[in-house]
Amino acid sequence: MCQERYFTKKHEWIQLLDANKKSIEVRVGISDHAQRALGDVVYCELPSVGAKFKRDDTFATLESVKAVSDCYMPIDGEISDVNEKLKSEADLINKSPYENGWLIQAFINDKEKKNISSTLMTEKQYKQFLETNKEAGDH
Amino acid sequence: MPHSRLVVQLIKCKKLVSYAYGQSLQSHYIQRLAIGRGSPTLLLLQFEPVYTCGLRRSSSIITSTDVDRLRSLGADFHETDRGGLLTFHGPGQLVAYPVLPLQHPQLRLALRTYISHLEQTLVDTCGEILGHTRIYSGIDTGKSVSYAGAWVDNQRKVAFMGIRYSRGITSHGVSINCSINMNWFDHIVPCGFDRRQITSLTDEIPDKKMMTVEEVIPIFIKHFQKIFNVELIESDCDYKQ
């Protein structure tokens with residue numbers, strides 16, 4: 001059973017995975033708003049398992065119609081898994097941004113786990129954030 | 001409610017520059033903007049002959065043997081972190097790098113809107129020169145990613161795009177084949193296309209009249225200002241290598 005998602009201002013989402021082991025693991029992807037803003041994703045460059053990132057570091061790059069853009073870590077973590085399906089089907093990010101189009105999984109510590117709910121937005125807060133930050137040309 | 005236009009400084013490089021210099025120049029303006037001390041900038045350049053590839057550079061796109069072969073032709077070779085595949089830059093080709101903060105209150109552009117505006121600028125510029133009924137946009141005609149740019153008679157690509165968007169600031173940009181020596185394109189699979197699908201403005205004008213970069217620049221500037229709703233103010237290049 002999956003927990004609720006939290007969102008960053010840069011349109012990434014993070015979700016705690018079942019914590020039945022000693023380590024705390026999260027899954028990260030980009031929001032539906034982000035995938036629509038990017039357009040069709042044609043290529044995805046993901047980090048290696050074991051790579052460590054701090055909050056706000058670039059952990060992946062996505063190429064959509066003629067542009068390459070970055071994805072930023074919502075919190076500190078160590079990569080535990082990457083979505084291999086994206087190598088051949090990068091557009092899963094567009095078709096299923098919250099399920100099959102997830103980007104990475106990472107191990108985080110207890111402090112970071114607390115940071116998720118205290119520093120990031122709930123889905124409801126994210127929806128409000130989108131309303132008040134409408135970009136020109138948004139649909 | 002219309003907002004006042006964003007002022008963008010226009011920097012025109014007067015001479016041919018190396019690709020490495022062009023990237024340092026671009027980085028200079030990006031860094032300044034990122035720390036809040038610079039201005040949004042549009043750089044216009046012409047490069048010494050260079051082949052470049054984008055973020056996608058697997059061996060199905062380019063190998064080290066390919067790179068050696070291209071260098072032996074007298075051109076440079078660079079890997080970049082922009083979108084798009086293999087291309088060539090050289091004298092007679094206008095290269096434009098808009099360094100813009102898309103989330104600036106006077107812009108507020110989603111990335112795909114920025115790309116669409118940039119493509120429209122290419123289409124309107126080339127349309128003014130060759131006739132608007134002859135020019136087609138790659139993205140709007142509903143084709144796949146590689147087609148972004150401006151197409152003559154919907155068959156031959158004359159203007160190209162490859163963008164990078166990082167930390168809210170755009171880099172890299174577009175190129176327009178004006179009077180470039182087209183033989184350079186014989187040695188690669190440009191943008192993943194058949195060589196016959198690449199052209200220049202000069203090659204498309206009847207009776208072989210030349211269309212130079214200098215003649216294209218004012219037309220490009222005019223359409224860029226109009227489509228992005230910005231004010232371009234020419235500045236001297238203040239970056240010394």
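On a predicted model such as this, the values are computed, not experimentally measured, just so you know.
Tested against A:Glu63 for a side chain to side chain donor-acceptor pair (under 3.5 Å), the candidates B:Arg82, B:Arg164, B:Arg56 yield a single pass: B:Arg56.
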### Message
Between B:Arg167 and A:Thr58, does the side chain to side chain contact (heavy atoms under 4.5 Å, CB included) criterion hold? Intermediate values first, please.
### Response
CA-CA 9 Å; B:Arg167 312 240 159 234; A:Thr58 300; 3.2 Å; yes

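Under the 3.5 Å distance criterion, the side-chain polar atoms of A:Tyr43 are left unmatched by any main-chain donor or acceptor of B:Gly83.
Within the 4.5 Å cutoff, side-chain heavy atoms of B:Leu55 are placed close to those of A:Glu45. A 4.5 Å side-chain heavy-atom check between B:Ser166 and A:Tyr72 finds at least one atom pair inside the cut-off.
Interatomic distance, B:Ile115 CD1 to A:Ser64 OG, rounded to the nearest 0.5 Å: 5.5 Å. A distance of 15.0 Å separates OG1 in A:Thr61 from OH in B:Tyr165, rounded to the nearest 0.5 Å.
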